[in-house]
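Have a look at the structure below, then the notes.
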Amino acid sequence: MSELNGRAVGAARCIALVGPYLSGKTTLLESILARTGAITRQGRVSDGNTVGDASPEARAHGMSVEVNVATTEFMGDTYTFVDCPGSIEFLHEARNVVPAVDMAIVVAEADEKKVPALQLILKELEDLGIPRLIFLNKIDKAEGNVRDVLAWLQPASAQPIVLRQLPIWENDIVTGFIDLALERAFVYREHAPSEVIEMSDTAKAEEVDARFSMLEKLADYDDELMEQLLSDVEPPRDRVFDDLTTELRESQIVPLLTGSAEHGNGILRLMKALRHEAPTIQQTIERLGLGSGSSAVAHILKTFHTTHGGKLSVARVLRGTFSDGDTVCGAKGGDERIGGLFTLKGQDASKAGQATTGDTVGLGRLEDIATGETISTEKGVSQLGSVAPPAPVLGKAIAAKERKDEVKLTSAIQKIMDEDPSLSLSHNQEAGEMVLYGQGEMHLRVAMERLTGKFAIDVEMHEPRVGYKETIRKSVSQRGRHKKQSGGHGQFGDVVLEIKPLPRGAGFEFTDSITGGVVPKQYIPSVESGVRDYLAHGPLGFPVVDVAVNLSDGSYHTVDSSDMAFRTAGRIGMSEGLPQCSPVLLEPVMHVEIAAPSEATSKVNTIVSQRRGQILGFDARPGWTGWDVVQAQMPESEMRDLIVELRSATAGVGSYVYRFDHLAELTGKLADQVIESHRKEAA
């Protein structure tokens, strides 16, 4: 390797820290930074003084709500760790990061209730082919045998989980571990390196048994090792480490290490495992199929809009060298000039002159470059492909409290969607609302807090209006007559309208059967306009659908008739005729596909039934062991907080996708309540 500024080019690694909510990822990052000397004192999430989770929103809620990036050095190598949120509501943050990292550390706990959440994260990594190891955190609080823990962790992983370390217990307290590859025992020291100790006879017997299990799993991919085991030949230690390295890098196994991030236990052993076994940037390039070339290439992991420095794009350099001031282009092909290059440690950014292969840096002011894009110093670079955001599961109508902030609000929302592509915005013209969609209650709450805190906009949020409609059940013929005389030219329009219902989903149909010119042709479009005017708000107060109107007769005045007069006559005919047609309320019904762990399927069915839903059936979720997909139909009005109840019933991992299916009649007390509520709002 060549050298740049005294270190090897391409030696820098990028590691994602992923795992279920509250598993200790941010604490692990803090412990790594402390052990490697990047910070002088290890902070605590509860004290609000960690490098990660430094945003006001993260501190307020005591949880990660966006990725945090920090670079450190260990034994001469550079490592950038990207701490990703564990909540399913912020899972898309990790989706944009992991394709370009070298590997992932999956932070887990010895908590069986969190296995579905662990499976959710491991499945994402498996689908992308990301090498990974599990760091079983909070080992000091674990209960029972770690091999029992491994047994219920294994179903969450498609690849075998290989136990690398065996905890040492004394008086129900974990005091150290046995490294099954090194065949050595270590005792933990508080915030200090572990020390080698002699194994007791009992510990040695457990080590022999656990090591053989590890070797058996490695031998599934190494025929020579299998022969040695069958022949009772002790394999060379170097051979064991080679297999651990190769099989990790090829995603054939998932090694499991143990420790306590809070107390700094197991951190140096984890770092040494990364140093010797984690894939290099060259292997990551091969996995991504990037190939060779003369241009510098980087992938955008995350976008931030800083208060004073403008837009900052966090990028992993996959090939070549970038310098401050370089011109780059992304997916859209336009030129962008790098306005600053920075190394990152949480929210602290330090100026840097260059970034080379493997580095993870911040690039300033790439205004037209989005998260997930691949950028290059030459045009036409192939995009590695960004991961599409998940379908939204919750929406809230949003508006500025002050009219003067309306334009400012739209601009601010665009910026937070730039930072977080799993947010989306729609403009409901019919209801006159702007609706912000996201992945759950906390997701939208954090978005609101950013609008208020970061962009200083007072915002109000409420439930969006349900898309109720109305229709009619019977036909009627109705005359609409508009006559007004006020000096000079008067106004005269006279029409006869035949109003009848249409099949559900047919929409609106206007025809005329005028003979003898009783309504001149030039006025017929005005009659249709008047009819449509009324259909926007029918007798129940909602847009009218599935109605046919035929203009069958009428009369006109040679002087007083006009387009406006006939438009008014059409509206009068509808306002007097439609209430006689037995109007009925229609509610939108959605087709819903709910994904949940199989043990929660009965709870999901109960939730659907309690929300006036109709269960169409359920089946195993394709490609997901132990998961089901429930197909159902449910009224839109019953889905407002569905995701909150669903997550509560599924240990936080259930989700759904939905689409409009049909309009259904709503009668009785529920219809009366909807109509009365609508009238009060309109008053």
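Between Y79 and F81, the angle of the ring planes stays under 30°, which puts this pair in the parallel group of the 30/60° scheme.
Of the options E57, H305, E419, a side-chain hydrogen bond (donor to acceptor under 3.5 Å, both in side chains) to K454 is made by E419 and by none of the others. With T71 as the partner, the side-chain hydrogen bond (donor to acceptor under 3.5 Å, both in side chains) test is satisfied by one option alone out of T80, T343, T78: T80. For the side-chain hydrogen bond (donor to acceptor under 3.5 Å, both in side chains) with D420, the qualifying choice from K302, H443, K415, Q439 is H443, the only one to do so.
Side-chain atoms of T284 and D102 include a donor-acceptor pair closer than 3.5 Å.
The two residues R164 and P255 come nearest to each other via the heavy atoms CG-CB, 3.8 Å.
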task: List the steps, then state whether salt bridge (Lys or Arg N to Asp or Glu O under 4.0 Å) holds for E247 with K217.
output: CA-CA 10 Å; E247 293 173 23; K217 291 182 178 179; over 6 Å; no
- prompt: Under the side-chain hydrogen bond (donor to acceptor under 3.5 Å, both in side chains) criterion, do D418 and T303 qualify, and how do the steps go?
  reply: CA-CA 7 Å; D418 196 20; T303 299; 4.6 Å; no
query: Under the salt bridge (Lys or Arg N to Asp or Glu O under 4.0 Å) criterion, do R450 and E66 qualify, and how do the steps go?
result: CA-CA 12 Å; R450 284 178 177 153; E66 62 191 1; 2.9 Å; yes
query: After noting the C-alpha distance and the side-chain angles of E645 and R611, does the key distance pass the salt bridge (Lys or Arg N to Asp or Glu O under 4.0 Å) rule?
result: CA-CA 11 Å; E645 188 175 6; R611 291 172 177 264; 2.8 Å; yes
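A salt bridge is defined here as a Lys NZ or Arg NE, NH1 or NH2 lying under 4.0 Å from an Asp or Glu carboxylate O, and D53 with R59 fails to meet this definition. Salt bridge E463/K396: present, at least one basic N to carboxylate O contact under 4.0 Å.
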